[in-house]
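We name chains A, B, ... by the order of the sequence lines, and we start the count at 1 in each one.
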There are 2 protein chains.
Amino acid sequence: MDRSFHALGDGTRREMIAMLARNGALSANELRSPFSVAQPTISKHLKVLEKAGLVRREINGRVHLFHLETAPLREAEDWISRHRTFWEGTLQRLEKFVNAADGQEDKT
Amino acid sequence: MDRSFHALGDGTRREMIAMLARNGALSANELRSPFSVAQPTISKHLKVLEKAGLVRREINGRVHLFHLETAPLREAEDWISRHRTFWEGTLQRLEKFVNAADGQEDKT
DNA sequence: ATAATGAATAGCCATATGGCTATATAAATT
DNA sequence: AATTTATATAGCCATATGGCTATTCATTAT
C-alpha cells in the first residue's frame with residue numbers, strides 16, 4: 001500500500017500509468033517518449049512502478065514490455081473509498097441530527 | 001494530486017486518516033495517541049496532510065482540531081478509478097475479440 | 001565479426017523525508 | 001503571576017528520492 005501510493009505520488013509515473021491504460025502494453029522507450037528525461041531516469045520510475053506491483057514487466061528479447069496491473073490500483077482505490085464514504089456517511093448522519101434538532105428547537 | 005498521493009503513501013498518515021474517518025474531528029494529541037512517536041513528528045505529519053488538503057485545521061484556543069476533507073480523497077480515488085476501469089474495459093474488449101477469433105478458427 | 005539498439009547498473013548530486021531532541025509560543029489552570 | 005498543557009519551530013541525522021552522466025549488458029541488424 002505504501003509502495004502503491006508512493007508510486008502514484010509522482011506526475012511522471014502517473015502519466016506512464018495513463019499511457020498504459022490508454023494504449024495497452026508499451027516498451028520502456030515508448031513510455032519514455034513524451035518526457036524529456038534521461039533513459040536511466042525512466043528505468044528507475046519503471047522499477048518503482050514494478051516494485052509497487054502496478055506494472056508487470058514482460059521481457060521480449062531486448063525490449064521490455066510493461067503491462068498495467070489493476071489489482072493494486074483497485075486496492076488503493078478501495079482504501080480511499082472505504083474511508084471517504086464512511087466519513088461522508090457520518091457527515092450525513094450528523095446533518096440529519098442537526099436538522100432534527102433544529103425542528104425541535106421551538107419546543108424546548 | 002502529487003501531494004495527496006504522497007500524503008497517503010505513509011502508514012502513520014493513513015492511520016490518522018482512518019481515525020478521523022471513524023471518530024470525526026480529533027486533536028493533534030488524540031491523533032498522536034496510538035503511535036509511539038515524538039510529538040513534533042506528528043506535527044509534521046499533520047502539516048503534510050494539511051498541505052495536501054486532506055485535513056482542515058480548526059484552532060480552538062491551544063488545541064488544534066483536525067477534520068477530514070473528502071474532496072481531495074475523491075479526486076485521488078477518481079483518478080485511479082478512471083484509469084483502472086478504462087484499462088479493464090480494454091482487457092474485456094480484447095477478451096471478447098480473442099474469444100470471437102477462437103470461434104472463427106475452424107473456418108479458416 | 002561489428003555495429004547499433006534497448007535497457008539496466010553504478011555512481012554522483014541536490015533536495016526531501018521521517019525521525020529525534022531541545023526550545024519556543026500560546027493558552028488554560030492554579 | 002507561576003505553572004502546566006497543547007502545539008509549533010529550529011536544527012540535526014540517516015536515508016530515500018529524482019535527476020544526471022558514463023558505462024555495461026544483451027539482443028538484433030549489418
Nearest whole angstrom, please: distance from the P of dG18(C) to the CG of L8(B). 12 Å
Mind checking salt bridge (Lys or Arg N to Asp or Glu O under 4.0 Å) for R57(A) and listing every partner two or more places apart, or none if nothing turns up? E50(A)
I need the NE2-C1' distance between H6(B) and dT17(D), as an integer number of Å. 10 Å
Those residues at least two apart in sequence (or on a different chain) that pass side-chain contact (heavy atoms from CB on, under 4.5 Å) with R32(B) are N29(B), Q39(B), I42(B)
If a pair satisfies ring-ring contact (aromatic ring centres under 6.0 Å, His included) and one of its residues is in residues 58-81 of chain A, list it, with sequence neighbours excluded. W79(A)-H83(A)
Quick one: are L49(A) and M16(A) in side-chain contact, heavy atoms under 4.5 Å? yes
If I take atom CZ in residue F5(B) and atom P in nucleotide dT17(D), what distance separates them, rounded to the nearest angstrom? 17 Å
Close approaches to DNA chain C from residues 48-59 of chain A, in residue order (heavy atom, under 4.0 Å): R57(A)
Round to a whole Å and report the spacing from NE2 of H64(A) to P of dT9(C). 9 Å
Run the salt bridge (Lys or Arg N to Asp or Glu O under 4.0 Å) test against R56(B) and tell me which residues pass, sequence neighbours left out. E69(B)
Could you run through nucleotides 19-30 of chain C and give me one letter per nucleotide, 5' to 3': B if any protein heavy atom sits under 4.0 Å from the base, S if only the sugar-phosphate is that close, - if neither? BBBB----BS--
Can you tell me the distance, in whole Å, between the CZ atom of F66(A) and the P atom of dG6(C)? 14 Å
Flag, side chain of N60(A) to backbone of V63(A), donor-acceptor distance under 3.5 Å: no
My understanding is that only residues two or more places apart in sequence, or in another chain, count here; which of them pass salt bridge (Lys or Arg N to Asp or Glu O under 4.0 Å) with R82(B)? none
N29(B) vs dT5(D): side-chain N/O to OP1/OP2 distance below 4.0 Å: no
Partners of D78(B) by salt bridge (Lys or Arg N to Asp or Glu O under 4.0 Å), sequence neighbours excluded? none
Got a sec, which residues hit side-chain contact (heavy atoms from CB on, under 4.5 Å) with E15(A), two or more places apart in sequence or on another chain? A18(A), M19(A), R22(A), F35(A)
With a 4.0 Å cut-off on heavy atoms, is R13(A) in touch with a base, just the backbone sugar-phosphate, or nothing at all? sugar-phosphate
Compare side-chain N and O positions of K47(B) against OP1 and OP2 of dT7(D) and report whether any pair is under 4.0 Å apart. no
If I take atom CG in residue L46(A) and atom P in nucleotide dG18(D), what distance separates them, rounded to the nearest angstrom? 13 Å
